[in-house]
Amino acid sequence: MYKYIRLRGDIIKNFSTMIGGGIAGIFVMSVWGEFADSYGIAGGWFAAMIIIGTMWFLNHYVGIIHNSDYEAWVDMGLAIGVCGISRDLFLSKSFYPLLQSSPTIIVVVLGGIAGGIAATAVQKTLHNKSKNATQGLK
Amino acid sequence: MTIQLAVSTFFGAFIFPFLIIICWDEMVKAFGAVGGWMAAGLIVGTTWTLNHGVGMIYQSGGAWVDMALAAGVGLLASSIYKGHSFKKAIPTILSSIIGGIGGGFIIAAFI
C-alpha cells in the first residue's frame, strides 16, 4: 500500500513537471517571437517580463516543476531550450536542423556550464565576505 | 561558425546563468514574488536583448538554440557544483525534456 502511494506520488510529480515545462516552452516558443516581430526590442523585453515572470511564478514560486533541497536544481530553462529545438525539428520533419545547429548547441551548453560554475564560485566568496563583515573580521 | 562567433556565443551563454544565479534569489528575497517578475524583466528581458535581439548567440542552423538552454544547463551545473545530487534529479530532468519535446510538437501542430 505504502509502495503504491509512493509510486503514485512519483508519477504525479513527474507528470506535473512535464506539464509545467511544456506550458513554459509553448509560451516562449510561440508568443515571444510574435511580440519581437511586432514591436522589436521593446516587444521582446516586454515578452520576457510577462512570459518568464508568469512561468517562473507557476514553475518555481508555486513549484509545478519538482525540485527539492538535496536534488540538483532543474530549471524551466531546460524545458524551454529543448522545446525551441524540437519545435523546429517537428516543423521541418527531419533531424537535419539538429545537425546544422549542433555547433551552437555545444558552445551554448559549455558556456552555460562555465557561467553556472563561475557564478557559484563568485557567490561563495560574496557570502564569506558578508559573513566576515557582520562578524567584524575583514 | 567562425572562432569569433563561437567566442560571442560562449560568452552570451555564460552571462545568462551567471546573472540568474547571482541576482534572481536576491531580488526575490528583497521584494518577494514581485521580485521574480522584476527579475524576469530586468535579467531575462535585458539578456534577451543582448543574446537574441542583437544576436550575441549565433544560430548556426535551422533549429532555434535559445539562451534558456544555457540557463537550464548552467543552473543544473551550479547545483551539482554546490553538492546536490544529480542522480536524484534524473527523473525531473527526463520529465522536463519530455515536456519540452511535447510542447514543441504542440506548437508545430498549429504554427
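Below, each value reflects all heavy atoms present in this structure, side chains not excepted, and no hydrogens, waters or symmetry copies. Quick note on labels: first sequence line is chain A, next is B, and so on, each numbered from 1.
Shown here for A:V74 and B:L76, the closest heavy-atom pair between the two residues is CG2-CD1, 4.3 Å. Closest non-hydrogen pair, B:T92 versus A:N14, comes out as N-OD1, 4.2 Å. Residues A:G40 and B:W48 share a closest heavy-atom pair of O-CH2, 4.3 Å. Here the closest non-hydrogen pair linking A:A72 and B:S79 is CA-OG, 3.3 Å. Among all heavy-atom pairs drawn from B:I111 and A:L91, the shortest one is O-CD2, 4.1 Å. Taking every heavy atom of both residues into account, A:P97 and B:A63 meet most closely at CB-N, 3.6 Å.
Residues B:M1 and B:W64 share a single hydrophobic cluster, defined by chaining ILVMFWY side chains whose heavy atoms lie under 4.5 Å apart. Taken together through direct or relayed side-chain contacts under 4.5 Å among Ile, Leu, Val, Met, Phe, Trp and Tyr, B:L42 and B:I22 form part of one hydrophobic cluster. A:V28 and A:M18 fall into different hydrophobic clusters, where Ile, Leu, Val, Met, Phe, Trp and Tyr residues are linked whenever their side-chain heavy atoms come under 4.5 Å apart, directly or through other members. Hydrophobic clustering (ILVMFWY, side-chain heavy atoms < 4.5 Å, transitive): B:I98 and A:M55 are in distinct clusters. In the hydrophobic clustering of ILVMFWY residues, with side-chain heavy atoms under 4.5 Å counting as a link, B:M56 and B:I3 come out together.
For chain A, the nearby part of B:I57 is the side chain; its heavy atoms alone come within less than 4.5 Å. Heavy atoms of A:Y70 lying under 4.5 Å from chain B belong to its backbone as well as its side chain. Contact of A:T54 with chain B is made through backbone and side chain together, with heavy-atom distances under 4.5 Å. Neither the backbone nor the side chain of A:A24 comes within contact range of chain B, judged by heavy atoms closer than 4.5 Å. Contacts of B:L94 with chain A are absent, with no heavy-atom separation under 4.5 Å from either backbone or side chain. Using a 4.5 Å cut-off between heavy atoms, A:D10 makes no contact with chain B at all. Within the 4.5 angstrom heavy-atom criterion, no atom of B:F11 approaches chain A. With a threshold of 4.5 angstrom between heavy atoms, B:T46 approaches chain A through its backbone and through its side chain. Using a 4.5 Å cut-off between heavy atoms, A:K124 contacts chain B through its side chain alone, with no backbone atom that close.
Using bins of under 30°, 30° to 60° and over 60° for the plane-to-plane angle, the ring pair A:W56/B:W37 lands in the perpendicular bin. Note: A:F90 and B:F105 have perpendicular aromatic rings, judged against thresholds of 30 and 60 degrees for the angle between ring planes.
Note: B:I21 CD1 to A:W73 CH2 = 11.5 Å, rounded to the nearest 0.5 Å. Atoms CD1 and OG, on B:I97 and A:S86 in that order, are 11.0 Å from each other to the nearest 0.5 Å. From B:I93, atom CD1 reaches atom OG1 of A:T17 across 11.0 Å, with rounding to the nearest 0.5 Å. In this structure, CD1 in B:I20 is found 8.5 Å from CD1 in A:I52, a value given to the nearest 0.5 Å. For the atom pair CD1 of A:I105 and CD of B:Q59, the computed distance is 9.5 Å after rounding to the nearest 0.5 Å. Atom CG in A:N67 sits 9.5 Å away from atom CG in B:L75 (nearest 0.5 Å).
A:F15 places none of its side-chain heavy atoms less than 4.5 Å from the side chain of B:S95. A 4.5 Å side-chain heavy-atom check between A:Q123 and B:K82 finds at least one atom pair inside the cut-off. With contacts defined as side-chain heavy-atom distances shorter than 4.5 Å, the pair B:H84/A:D69 does not qualify. Counting only heavy atoms from C-beta outward, the side chains of B:D66 and A:M29 approach each other to under 4.5 Å.
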Checklist entry - Taking it one step at a time, do A:I85 and B:L69 satisfy side-chain contact (heavy atoms from CB on, under 4.5 Å)? => result CA-CA 10 Å; A:I85 295 165; B:L69 188 65; 4.2 Å; yes

Checklist entry - Does the side-chain contact (heavy atoms from CB on, under 4.5 Å) test come out yes or no for B:V44 and A:M49, once each step is laid out? => result CA-CA 8 Å; B:V44 183; A:M49 200 173 82; over 6 Å; no

Item to check | A:T104/B:S60 under side-chain hydrogen bond (donor to acceptor under 3.5 Å, both in side chains): CA gap, chis, key distance, verdict | outcome: CA-CA 6 Å; A:T104 310; B:S60 65; 2.7 Å; yes

Checklist entry - Can you check side-chain contact (heavy atoms from CB on, under 4.5 Å) on A:V82 and B:S96, steps first, answer last? => result CA-CA 9 Å; A:V82 170; B:S96 289; over 6 Å; no

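Side-chain atoms of B:S78 and A:T120 include a donor-acceptor pair closer than 3.5 Å. For A:W45 and B:T49, the side-chain atoms include no donor-acceptor pair closer than 3.5 Å.
Counting non-hydrogen atoms of other residues, nucleotides and ligands closer than 6.0 Å to CZ of A:F95 gives a total of 12 or fewer. Annotation for B:F10: atom CZ counts as buried by contact number, over 12 foreign heavy atoms lying within 6.0 Å.
Looking only at heavy-atom pairs under 4.5 Å with chain B, the residue among A:G111, A:G81, A:A118, A:A121 that has the most is A:G111. Annotation: maximal heavy-atom pairing with chain B below 4.5 Å, among A:G22, A:G44, A:G25, occurs at A:G44. Listed options B:T9, B:T47, B:I80 were ranked by heavy-atom pairs under 4.5 angstrom with chain A; first place goes to B:T9. Most heavy-atom pairs under 4.5 Å with chain B: of the set A:V109, A:I51, A:I117, this distinction falls to A:I117. Ranked by non-hydrogen atom pairs under 4.5 Å with chain A, the options B:P91, B:G102, B:A71, B:G12 are led by B:P91.
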